[in-house]
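The analysis underlying the following values was restricted to heavy atoms, covering all of them including side chains, and did not include hydrogens, waters or symmetry mates.
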Amino acid sequence: MLSSDFANLASEAERMVTFGADWLHMDIMDGYVPDFAKLFCCAYFHFVPNLTIGAPVIESLRKHTKAYLDCHLMVTNPLDYVDQLGKAGASGFTFHVEVSKDNWQELVKKIKSKGMRPGVALNPGTPIEEVFPLLEGENPVEMVLVMTVEPGFGGQKFMPDMMNKVRTLREKYPTLDIEVDGGLGPSTIDAAAAAGANCIVAGSSVFGAPEPAQVISLLRTSVNKAQKTC
Ligand SMILES: O=C(CO)[C@H](O)[C@H](O)COP(=O)(O)O
Ligand SMILES: [Fe+2]
């Protein structure tokens with residue numbers, strides 16, 4: 001939904017569901033503070049250089065749609081957002097591993113206790129091995145989101161090298177939900193589907209298309225075909 005008209009979010013959401021989207025991907029970002037400020041006070045460290053929406057917008061949107069709201073938290077302190085987003089009606093809560101190494105267990109428990117589905121995301125520069133511990137044990141995450149662009153903005157170019165991470169994950173976890181996020185569209189979907197991704201985030205390629213329904217259908221067909229052949 002990052003590529004939607006935010007002033008008409010409810011009708012944009014309805015349009016996408018009518019066009020065939022299974023989930024609505026909601027990018028929650030916390031704004032950016034320059035490097036020099038981080039040196040002086042780490043409390044001002046934010047995750048991405050962009051500011052989007054938060055729980056109040058999710059709450060408003062929830063009143064207009066029953067769709068699965070797949071929230072991608074690009075924030076420094078995801079734990080601070082669990083209560084608010086649970087109350088707001090979020091369905092999935094995906095936090096970044098880079099900022100959750102010390103408290104992911106507490107985070108996963110809390111996300112589940114608020115009725116949301118926990119997922120973990122990783123940036124292009126983060127090795128895939130860093131999410132393995134979150135997929136083991138009593139309280140594993142239920143989805144891994146592999147960033148295929150640097151987080152922060154829609155409309156960037158897909159990074160094909162990230163498909164190695166998807167392949168590694170798919171081999172190790174055959175039934176895991178693997179989401180790819182960034183630069184997905186008709187020209188990149190086959191690589192992602194062949195690597196084993198089954199949840200596809202597509203912003204600019206769908207919203208920018210003359211026939212969004214055709215793009216959504218093409219993405220789905222590619223994933224279904226790849227799943228049948230593996
Ligand atoms: O998390 C994101 C950016 O940080 C977005 O979900 C992602 O970039 C989707 O947009 P597009 O399909 O236009 O690349
Ligand atoms: Fe995202």
In Å, rounded to the nearest 0.5 Å, how long is the span from [atom1] of [X] to [atom2] of [Y]?
X    : Y    : atom1 : atom2 : result
K165 : M159 : NZ    : CE    : 8.5 Å
L219 : C199 : CG    : SG    : 12.5 Å
M16  : I216 : CE    : CD1   : 6.0 Å
H72  : T52  : NE2   : OG1   : 10.0 Å
L184 : E179 : CG    : CD    : 9.5 Å
T94  : I111 : OG1   : CD1   : 8.0 Å

Do [X] and [Y] belong to the same hydrophobic cluster, where Ile, Leu, Val, Met, Phe, Trp and Tyr are linked whenever their side-chain heavy atoms lie under 4.5 Å apart, directly or via other members?
X    : Y    : value
F95  : V82  : yes
M162 : I200 : yes
M143 : V223 : no
L176 : L145 : no
V166 : V97  : yes

Taking side chain as C-beta onward, heavy atoms only, is [X] less than 4.5 Å from [Y]?
X    : Y    : value
L73  : L85  : yes
Y173 : T168 : no
N139 : Q105 : no
K110 : L79  : yes
Y81  : D30  : yes
M26  : I53  : yes
F19  : E211 : no
L9   : S4   : yes

To check you understand the geometry: which heavy-atom pair defines the closest contact between [X] and [Y], and what is its length?
X    : Y    : value
L107 : S100 : CD2-OG, 3.7 Å
M29  : V75  : C-CG1, 4.4 Å
N123 : P151 : OD1-CG, 3.1 Å
P78  : T76  : CD-O, 3.3 Å
A13  : L61  : CB-CD1, 3.8 Å
K112 : P140 : NZ-O, 3.6 Å

Does [X], at its [atom1] atom, have more than 12 non-hydrogen atoms belonging to other residues, nucleotides or ligands within less than 6.0 Å?
X    : atom1 : answer
K66  : NZ    : no
E129 : CD    : yes
E14  : CD    : no

Backbone N or O of [Y] within a donor-acceptor pair of the [X] side chain at under 3.5 Å?
X    : Y    : answer
T65  : R62  : no
R167 : A195 : no
N50  : G152 : yes
E106 : D102 : no
T148 : F158 : no

>> Let's go through N77 and V99 carefully: what are the C-alpha distance in whole Å and the side-chain angles of both, what is the deciding distance for side chain to side chain contact (heavy atoms under 4.5 Å, CB included) to 0.1 Å, and is it a yes or a no?
In response: CA-CA 7 Å; N77 297 309; V99 289; over 6 Å; no

> Is there a donor-acceptor contact under 3.5 Å linking the side chains of D70 and S91?
Replying inline: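 D70 vs S91: no donor-acceptor pair found between side chains.
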
>> Checking side-chain polar atoms at under 3.5 Å, does H25 have a donor or acceptor matched by the opposite partner on D27?
In response: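 Checked: H25/D27 side chains pair up, N/O donor to acceptor below 3.5 Å.
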
> For E130 and E98, what are the C-alpha separation, side-chain angles and deciding distance, and is it a side chain to side chain contact (heavy atoms under 4.5 Å, CB included)?
Replying inline: CA-CA 9 Å; E130 294 202 8; E98 295 83 3; 5.7 Å; no

> Are any of the side-chain nitrogens in E12 or R15 under 4.0 Å away from the carboxylate oxygens of its partner?
Replying inline: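 Salt bridge: yes.
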
>> Between K225 and D190, does the salt bridge (Lys or Arg N to Asp or Glu O under 4.0 Å) criterion hold? Intermediate values first, please.
In response: CA-CA 9 Å; K225 249 194 217 161; D190 287 345; over 6 Å; no

> Between L69 and I58, is a side chain to side chain contact (heavy atoms under 4.5 Å, CB included) present by the stated rule, with each step listed?
Replying inline: CA-CA 8 Å; L69 299 178; I58 300 292; 4.0 Å; yes

>> For L135 and L169: C-alpha separation, side-chain torsions, deciding distance, then whether side chain to side chain contact (heavy atoms under 4.5 Å, CB included) applies.
In response: CA-CA 10 Å; L135 290 159; L169 270 181; 4.0 Å; yes

Counting only pairs under 3.5 Å, give me each side-chain donor-acceptor contact of residues 114-122, with atom names and distances, residues two or more places apart or in other chains.
residue	atom	partner	partner atom	Å
K114	NZ	D83	OD1	3.3
R117	NE	E142	OE1	3.1
R117	NH1	D177	OD2	3.4
R117	NH2	E142	O	3.3
R117	NH2	D177	OD2	2.7

